[in-house]
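Beneath this line is the structure, given in structure tokens, with notes to follow.
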Amino acid sequence: MKIKAINGFKDILPDAALRWQHIEQTARDIFERFGMREIRMPILEKTELFSRSIGEATDIVEKEMYSFSDKGITMRPEATASLLRAFIEHGLHVQQPVQRLYTIGPMFRHERPQKGRLRQFHQMDVEIIGATEPQVDAELMAMGQMLLNSLGLKVSLEVNSLGCPDCRPGFRTQLIEYLEERKDDLCEDCRRRLSTNPLRTLDCKSRGCKALVKDAPSILKSLCNACNEHFAEVEHTLGLLGVTYSKNRFMVRGLDYYTRTTFEFITGDLGAQAAVGAGGRYDGLIEQLGGPKLPGIGFAMGMERIALLMEQQVENGIHKPSADIFVAALGAKASEYGCVLVQNLRSLKLKAAMDYSGRSLKAQMKQAGRINSRFTLIIGDNELAEEKAVLRNMQTQEQVDFPLNGTGVEQAQRLADYTESSQG
RNA sequence: GUGGGCGUAGCUCAGCUGGUGGUAGCACCGGGUUGUGGCCUCGGAGGUCGUGGGUUCAAGUCCCAUCGCUCACCCCA
């Protein structure tokens, strides 16, 4: 074999695709219960869209995007920016004060791949635009939890507030002061983070930093009144909705645009990747992108991470679909006959299959078993001569004679009726 | 960008200190059943041992290089 897929890009083979379909169908069903409408955007956007939303100085924008440098366009690294661009471009806010939108599709990031991190990955992304009420924050988390629970996954929800442009800078200054005084005890990475991204020290994995940061100033104690009230109401509503969660004041976001509520659905079962889904509020972002002054909140779930978790946490509850009828034909005449019959059955919406190779009946039966067919219709020269075929119920092993009189369409209809009224 | 691990059949893998590549499992094809699947049984097909070089009488095995995969760090959905 010569040509292989590019590193970090993965094929989703038929067995796995079944799982993906299940994930996606479950998600669409739940999203729509919450009034979300689907929106689909292109995969390519102007590079500027991401540098303005995600943050000019972030690693994502600086070195981890798939960009066509000569054209100023980029393969989207996340969905929120594209979705908001479409929202603003088409003035969706004038149609409805609050828009609930979701989108599902591939994203691209030029990072070294590892477990649960591919260069092409897939997200299910949800955004509620135009609502600032804390109940919406809670509702969104409840929806995420409902989805993960419906898939049979055990993950925990962690919630934090990052404050707003009024109160976050103050916290940031306090934190830097605290860390500067203890600089010598920080790990090498954190000493660097102190100048590049001080908040990141809060979720450093090193034991020393963890202990040190434990007594650092708390963002939750630095919130302004408005943010504090908002967060309290989010917690209250989560309680009302019966959502289990824990507060995590060390949770940090990598993207610049988040304000107030942020949350993550996390697990310990994905190696170094903890987050199955994550999101938060971004009350200034839409305006920053040249749109109306509207608040927003959303989250994204990683589909390969969900799929990995399901492999691990959920017994294989996904059954391969079965065919309704397999036509086993013996001889050229029977094969021709079966070919037409299968076509008629399919017109009647049955899943019908046959093998044209002219192999032994044994081999054909084996194939019928492999595709998990409910019935097999056996047609040979004898049957054609006597105008009746053998219809075998693959599960019960019962066989009945099936008359072949009437037109092809009539025969197909009789078969369809029979299989519908039988357990197989 | 940095560090570790691994490349043997379609897949999962044996292969000890160099001495003829596995009766290994799964999957595939065929026989046992002259026209009946799953279970069983017998047989079959399938490989440049990632690639290139070196050491050696002899390399899947040792050395060097290279490519690929993978996990982790950085970063982060």
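All values below were derived from every heavy atom in this structure, side-chain atoms included, with hydrogens, water molecules and symmetry-related copies excluded.
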Counting side-chain heavy atoms from CB outward, which of [options] is closest to [X]?
| X | options | result |
| --- | --- | --- |
| A:K205 | B:U36, B:C73, B:G31 | B:C73 |
| A:R112 | B:C29, B:U2, B:C74 | B:U2 |
| A:R192 | B:C75, B:C69, B:A72 | B:C75 |
| A:Q397 | B:G35, B:C75, B:G37 | B:G37 |
| A:Q273 | B:C74, B:U36, B:A72 | B:A72 |
| A:Q114 | B:C69, B:A72, B:G37 | B:A72 |

Rounded to whole angstrom units, what separation is found between the [atom1] atom of [X] and the [atom2] atom of [N]?
| X | N | atom1 | atom2 | answer |
| --- | --- | --- | --- | --- |
| A:D189 | B:G1 | CG | P | 18 Å |
| A:F9 | B:G68 | CZ | C1' | 16 Å |
| A:Q364 | B:G35 | CD | C1' | 10 Å |
| A:L118 | B:C69 | CG | P | 12 Å |
| A:R119 | B:G68 | CZ | C1' | 13 Å |
| A:E383 | B:U36 | CD | C1' | 11 Å |
| A:E111 | B:U70 | CD | P | 15 Å |
| A:K366 | B:G37 | NZ | P | 10 Å |

> Which comes earlier along RNA chain B counting from the 5' end, the contact point of A:C204 or that of A:V252, where each point is its nearest nucleotide?
Replying inline: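 Upstream on the strand: A:C204.
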> RNA chain B: A:K362 or A:Q399, which has the more 5' nearest nucleotide?
Replying inline: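 Result of the comparison: A:K362.
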Pairwise [atom1] distance for [N] and [M], with rounding to whole Å:
| N | M | atom1 | answer |
| --- | --- | --- | --- |
| B:A65 | B:G3 | P | 14 Å |
| B:C13 | B:G7 | P | 10 Å |
| B:G50 | B:G37 | P | 41 Å |
| B:G15 | B:G21 | C1' | 9 Å |
| B:G4 | B:C42 | P | 48 Å |
| B:A27 | B:G68 | P | 34 Å |
| B:U48 | B:A9 | P | 9 Å |
| B:C64 | B:C6 | P | 14 Å |

> Around A:R359, counting heavy atoms of other residues, nucleotides and ligands shown, do more than 12 lie under 6.0 Å from its CZ?
Replying inline: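 Yes - once you tally the heavy atoms of other residues, nucleotides and ligands closer than 6.0 Å, there are more than 12.
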Please determine, for [N], whether a Watson-Crick or G-U wobble partner exists with both distances under 3.5 Å, and give it or none.
| N | value |
| --- | --- |
| B:C6 | B:G68 |
| B:G1 | B:C73 |
| B:U34 | none |
| B:U17 | none |
| B:U12 | B:A24 |

Need one value for [X]: base, sugar-phosphate or nothing, where a base atom within 4.0 Å counts as base even if backbone is also close, heavy atoms only.
| X | result |
| --- | --- |
| A:G277 | nothing |
| A:E188 | nothing |
| A:Q123 | base |
| A:A272 | sugar-phosphate |
| A:G116 | base |
| A:R117 | base |
| A:Q367 | nothing |
| A:A278 | sugar-phosphate |

> Is there a donor in the side chain of A:S53 and an acceptor in the side chain of A:Q288, or the other way round, less than 3.5 Å apart?
Replying inline: no
> Among side-chain atoms of A:Q399 and A:N393, is any donor-acceptor pair under 3.5 angstrom?
Replying inline: no
Could you tell me whether the phosphate oxygens of [N], OP1 or OP2, come under 4.0 Å of any side-chain nitrogen or oxygen in [X]?
| X | N | value |
| --- | --- | --- |
| A:K10 | B:C69 | no |
| A:N197 | B:C76 | yes |
| A:R359 | B:C29 | yes |
| A:N7 | B:C69 | yes |
| A:R370 | B:C29 | yes |
| A:R193 | B:C74 | yes |

> Given A:L83, which of A:I88, A:V126, A:L101 fulfils the side chain to side chain contact (heavy atoms under 4.5 Å, CB included) condition?
Replying inline: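 Among A:I88, A:V126, A:L101, the one meeting side chain to side chain contact (heavy atoms under 4.5 Å, CB included) with A:L83 is A:L101.
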> Would a line drawn from the ring center of A:Y102 to the ring center of A:F31 be shorter than 6.0 Å?
Replying inline: yes
What is the minimum heavy-atom distance between [X] and [Y], and which atoms define it?
| X | Y | result |
| --- | --- | --- |
| A:L345 | A:A352 | CB-CB, 3.9 Å |
| A:R249 | A:S218 | CD-OG, 3.3 Å |
| A:E111 | A:R119 | O-NE, 2.6 Å |

>> Is the ring pair A:F375/A:Y418 parallel, tilted or perpendicular, if the boundaries are 30 and 60 degrees?
In response: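 Plane angle over 60°, so perpendicular.
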